[in-house]
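Have a look at the structure below before the remarks.
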Amino acid sequence: MNEQFDVVVIGGGPGGYAAALYATAADLSVAVVERDRVGGTCLHRGCIPAKELLETASVFRTVAGAGAFGVGVGDGAGKTTIDLATSMRRKQQVVDGLWKGLEGLLKRRQVHLYSGTGTLAGSGRVLVHDDAGEEVELDGAAVILASGSLPRTIPGFEIDESLVLSSDEFLTMQDLPVSAAVIGGGAIGCEFASLLADLGVQVTLLESLPKILPGCDEAVAEVVRRSFTKRGIDVRTGVKVAGHTPGEGGTTIALDGDETVWVERVVVSVGRRPLSESLGLDDTGVEVDERGFVKVDQTCRTTLDGVWAVGDLVATPQLAHVGFAEGITAVKDILGEHPLPVEYDKVPWCIYCHPEVAFVGHSEESARQAGHDVVTSTTHFRGNGRALIVGEADGLVKVVAERRPDGTAGRVLGVHMVGPWVTEQLGQGYLAVNWEATAEDLAALVQPHPTLSESFGEAAMALTGRGLHG
Ligand code: FAD
């Protein structure tokens with residue numbers, strides 16, 4: 001007799017574990033099949049280790065800049081140094097602590113964890129193959145596919161774990177190179193370039209599009225580009241890499257045209273591809289598009305009745321919190337609660353490079369492209385007391401609002417931030433966009449003083465035509 005569950009989830013990353021926890025909170029019986037470790041990419045090879053190492057870079061920056069505050073380190077004579085083995089150990093402790101916590105939580109919530117590779121054997125049937133060659137069959141009234149994604153590669157830059165790295169190898173690096181090229185100027189590429197540069201590596205950032213951080217508002221991307229350049233990162237946009245020739249202690253990257261770049265190490269950061277092939281979907285009725293994403297409707301239903309798909313496996317923003325939201329949406333749909341679809345154009349985005357970037361909703365350009373008449377307001381952190389106190393005055397807050405027929409600012413369409421701790425400040429902007437607040441609604445709110453968040457309040461006030469400091 002097969003084991004029976006209300007919900008069987010394949011994949012224990014953010015999409016899968018959020019679905020499992022939400023389902024048990026609604027008193028459904030749940031099994032999760034995971035072939036590696038619960039927590040997925042996010043916990044073991046993504047968000048958490050990357051942000052932990054970025055924090056190391058931030059501490060390094062703070063220590064290196066302590067002299068400006070009159071604070072000496074040691075005898076004040078030495079250079080700031082990094083012991084990468086200690087940093088990596090600390091990163092692993094954070095990851096392992098969260099991993100144990102998640103395993104314990106799943107157990108306490110009575111989620112049945114099956115170790116092995118899960119494949120779909122038709123509507124409501126999942127086969128689990130473990131490392132010992134054993135096979136178990138699970139019956140689920142509903143099945144949620146959440147197998148996630150893998151790093152993309154580019155031809156001519158095969159990952160070899162020493163010279164050419166993907167994010168997986170980058171996050172377990174045992175030593176720092178003197179120089180490195182990061183291929184890809186998206187969120188993860190910018191985080192890696194920033195991290196390496198802070199730790200003293202000579203970095204070349206190669207991006208084929210005309211600007212780095214292509215999804216961001218122009219003004220925000222420009223602040224990051226300027227800051228990177230000031231910190232010695234060689235930012236090259238509109239360049240295509242043609243291949244590389246390994247040599248003594250490094251490799252020569254050929255760019256389109258005759259240009260070359262010599263570096264000790266290459267980090268390929270050109271996005272991630274869905275991992276649908278691990279699920280045995282051929283002939284099951286679950287359709288997959290030409291890029292490998294599982295096709296779903298607005299509530300994450302696949303083309304096979306009784307089967308949902310969430311997270312990086314589907315063609316939506318590849319973010320852990322989008323995976324959480326989709327896992328919850330799928331479970332609500334399974335419960336017959338007619339959930340509202342996730343509003344993908346209004347999810348928060350945070351990038352943890354230095355300076356940090358955070359945004360939600362339309363950029364000025366995308367709002368205009370969508371046909372909105374817009375009015376914008378920008379406040380710079382150099383006029384913010386707290387920013388000067390912490391010594392991080394580079395950056396801005398830009399609010400994009402709909403222009404009313406009388407010319408005044410109406411509904412807030414987007415909030416874009418770059419600068420100190422903006423990833424922790426986006427909350428107000430997120431609520432403003434998602435609760436469809438107007439500029440007047442926001443201008444009436446009181447911001448504590450002195451805080452970085454005053455810049456957001458000031459930008460909103462200026463939109464009403466009555467800014468205090470502009
Ligand atoms: P995954 O996390 O990939 O989990 C899928 C799980 O399924 C894995 O554990 C895998 O072992 C398992 N699996 C696969 N196939 C099978 C099978 N057949 N049977 C059983 N198990 C299977 N997102 C953010 O929101 N914020 C960030 O700051 C951020 N930073 C990132 C930094 C880096 C370097 C990277 C690489 C990613 C980052 N992301 C970030 C993206 C985030 O990690 C992903 O969006 C998220 O992990 C996707 O969750 P998921 O559950 O869909 O897939």
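Every number for a ligand or one of its atoms is a count from 1 in the order of the listing. Residues take their numbers from the sequence shown, with the count starting at 1. What you see is a predicted model; the values in this text were computed from it and never measured.
No side-chain donor from either of Tyr17 and Glu103 sits under 3.5 Å from a side-chain acceptor of the other. No hydrogens or angles considered: a donor-acceptor pair under 3.5 Å links the side chains of Ser166 and Glu169. With hydrogens and angles left out, the side-chain atoms of Ser455 and Arg386 include no donor and acceptor closer than 3.5 Å.
Note: an N/O pair closer than 3.5 Å links Gly15 and ligand 1 by distance alone. Polar contact with ligand 1: present for Ser278 (N/O pair, distance under 3.5 Å).
Annotation for ligand 1: atoms under 4.0 Å from non-hydrogen atoms of Ser167 are 34 (C), 36 (C). Taking every non-hydrogen atom of Gly40 and a distance limit under 4.0 Å, the qualifying atoms of ligand 1 come out as 2 (O), 4 (O), 8 (C), 9 (O). The contact set between ligand 1 and Asp36, taken as ligand atoms under 4.0 Å from a residue heavy atom, comprises 11 (O). Near Ser149, meaning under 4.0 Å from any of its heavy atoms, are these atoms of ligand 1: 3 (O). Those atoms of ligand 1 with a heavy atom of His321 less than 4.0 angstrom away are 25 (O). The Ala146 neighbourhood of ligand 1 comprises atoms 5 (C), 6 (C), 7 (O), with distances under 4.0 Å to a heavy atom of that residue. Each of the following atoms of ligand 1 lies closer than 4.0 Å to a heavy atom of Gly311: 52 (O). Counting the atoms of ligand 1 from 1 in the order shown, those under 4.0 Å from a heavy atom of Arg37 are 9 (O).
Distances shorter than 4.0 angstrom do not occur between any heavy atom of Cys350 and any atom of ligand 1. Residue-ligand proximity: Tyr17 is placed with every non-hydrogen atom at 4.0 Å or more from ligand 1. Judged by the shortest distance from any of its heavy atoms, Arg272 lies inside the 4.0 Å radius around the atoms of ligand 1.
The closest non-hydrogen atom to atom 14 (C) of ligand 1, taken over Cys47, Ser147, Gly116, comes from Ser147. Comparing heavy-atom distances from atom 6 (C) of ligand 1 across His44, Glu326, Glu34, Gln318 singles out Glu34 as nearest. If you check each of Thr41, Leu150, Val33, Asp312 against atom 44 (C) of ligand 1, the one with the closest non-hydrogen atom is Asp312. Closest heavy-atom approach to atom 34 (C) of ligand 1 within the set Pro348, Ser276, Gly46, Ala320: this belongs to Gly46. When Cys42, Ala19, Gly118 are ranked by how near their heavy atoms come to atom 18 (N) of ligand 1, first place goes to Gly118.
For Ala31 against Leu138, the heavy-atom pair with the smallest separation is CB-CD1, 4.2 Å. Nearest heavy atom pair, residue Val310 against residue Ala330, reads CG1-CB, 4.0 Å.
Closest protein heavy atom to atom 53 (O) of ligand 1: Gly148 CA, 3.1 Å. Ranking the protein heavy atoms by distance from atom 37 (C) of ligand 1 puts Ile188 CD1, 3.8 Å first.
Residue contacts with ligand 1 for Leu275 involve side-chain atoms from C-beta outward but no N, CA, C or O (heavy atoms, distance under 4.0 Å). Proximity of Lys51 to ligand 1, defined as any heavy-atom pair under 4.0 Å, is confined to the side chain (atoms from C-beta onward). Only the side chain of Ile10 comes within 4.0 Å of ligand 1, judged by heavy-atom distances. Looking at Phe170 against ligand 1, nothing comes within 4.0 Å, counting heavy atoms.
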